[in-house]
Amino acid sequence: MEIASISSGSHGNCILVMSEKAHILVDIGISKKKVLEGLEILGVNPNDIDAILVTHEHTDHIKGVGVFARCYNTPIYSTHDTIECIKDSSTVGDVNDEQFNEITPFTSFEIEDIEILPISTSHDAVDSVCYRFDSDDKSCAIVTDLGMYTEEIVDNLQGLNALFVESNHDLRMLETGPYPYHLKTRVWGKRGHLSNEDCGKLISELAHDDLEHIVLCHLSKENNLPELAYESVRAEINSSEVDFSADDFSIKVTKREEVSCKIKI
């Protein structure tokens with residue numbers, strides 16, 4: 001499998017997952033133009049996209065879903081309640097009902113040669129999920145938009161070879177930053193976003209000999225810095241009780257508005 005970030009952050013998210021037979025976009029929270037530019041850089045024809053997986057209904061994850069799906073007749077997969085929100089979104093517009101495919105958290109489904117497991121996440125959305133992908137004895141996951149992680153999440157993310165994981169904010173920057181208090185409490189709450197420190201703790205719980213690639217994503221523009229996220233996560237891993245250090249993994253940070261972090265498992 002291969003994974004690459006086309007865009008990552010509160011302005012818009014879109015990640016490409018590829019196998020020998022499948023091409024999947026996880027969220028389209030950017031314009032069709034930006035998606036096409038990203039796919040061109042990655043050498044992928046938009047007509048070859050087999051599915052759009054939606055994590056939840058917030059605008060930075062669905063803004064471009066409608067126009068892309070209409071243009072290329074691409075199937076859309078998400079939970080029942082999220083699909084209902086997508087259908088009601090004026091940003092998405094009209095999409096044929098036949099293009100929607102309902103999924104259920106913790107119930108696997110297949111797209112070509114990839115087995116996909118949606119995993120429920122703690123976020124202020126109707127029924128948000130993250131996704132695990134398994135193909136040809138390799139595993140990866142995209143885990144963003146969660147205010148906290150649970151034992152259930154940790155249990156279902158064991159044995160990964162690659163992990164795209166949210167490292168949204170630095171707590172001190174968030175506390176002293178420009179956000180109004182109600183927004184600060186949303187971000188650091190249990191249904192908000194993972195801090196750099198909590199991201200490092202989650203990685204430590206998932207560490208094993210075959211975890212090769214860690215990609216930090218969904219960084220806040222106002223409340224984080226790439227260098228700060230990188231160093232904070234490394235420090236958290238190194239201070240944990242697991243028998244691994246940060247140097248045991250390839251750790252990268254996505255760029256906000258351009259293709260980045262293409263990895264091959």
message: Side chains of T121 and S128 only: does a donor on one sit below 3.5 Å from an acceptor on the other?
response: yes
Min side-chain heavy-atom separation I265-C140 under 4.5 Å: yes
message: In the structure I gave you, are the side-chain heavy atoms of L216 and K252 within less than 4.5 Å of one another anywhere?
response: no
message: Any side-chain to backbone donor/acceptor pair from S31 onto G64? Under 3.5 Å, distance only.
response: no
salt_bridge(E258, K255) N-O dist < 4.0 Å: yes
task: May I ask you to decide if G29's main-chain N or O and N13's side chain share a donor-acceptor pair within less than 3.5 Å?
output: no
query: Between T150 (side chain) and I153 (backbone), is there a donor-acceptor pair under 3.5 Å?
result: yes
query: Do the rings of F109 and Y77 sit parallel, tilted or perpendicular, given the 30° and 60° boundaries?
result: parallel
Main-chain N/O of L228 paired with S232 side-chain donor or acceptor, under 3.5 Å: yes
- prompt: Going by distance alone, is a donor N or O of one side chain under 3.5 Å from an acceptor N or O of the other, for D134 and S139?
  reply: yes
message: Could you tell me if the side chain of I76 sits less than 4.5 Å from the side chain of V54, heavy atoms only?
response: yes
- request: Verify whether one side chain among N168 and N224 offers a donor that lies under 3.5 Å from an acceptor in the other.
  value: no
query: Between N73 and Q99, is any pair of side-chain heavy atoms under 4.5 Å apart?
result: yes
query: Would you say S8's side chain and S5's backbone share a donor-acceptor pair under 3.5 angstrom?
result: no
Criterion side chain to side chain donor-acceptor pair (under 3.5 Å) on D27 and H61, from CA distance to verdict: CA-CA 5 Å; D27 292 329; H61 293 263; 2.7 Å; yes
- prompt: Salt-bridged, E175 to K184, with N to O below 4.0 Å?
  reply: no
- prompt: Would you say S167's side chain and C199's backbone share a donor-acceptor pair under 3.5 angstrom?
  reply: no
- prompt: Within a strict 4.5 Å, meaning less than it, do heavy atoms of the R186 and D124 side chains meet?
  reply: yes
query: Quick one: do E115 and R132 make a salt bridge, cutoff under 4.0 Å?
result: no
- request: Name the orientation class of the two ring planes belonging to H123 and H56 (parallel below 30°, tilted from 30 to 60°, perpendicular beyond 60°).
  value: perpendicular
Side chain proximity check, E20 to D113, heavy atoms < 4.5 angstrom: yes
task: Could you please spell out the steps behind the salt bridge (charged side-chain N to carboxylate O under 4.0 Å, His left out) verdict for D50 and K21?
output: CA-CA 9 Å; D50 296 291; K21 296 181 180 179; over 6 Å; no
message: Between D94 and R70, does the salt bridge (charged side-chain N to carboxylate O under 4.0 Å, His left out) criterion hold? Intermediate values first, please.
response: CA-CA 8 Å; D94 292 332; R70 283 190 294 273; over 6 Å; no
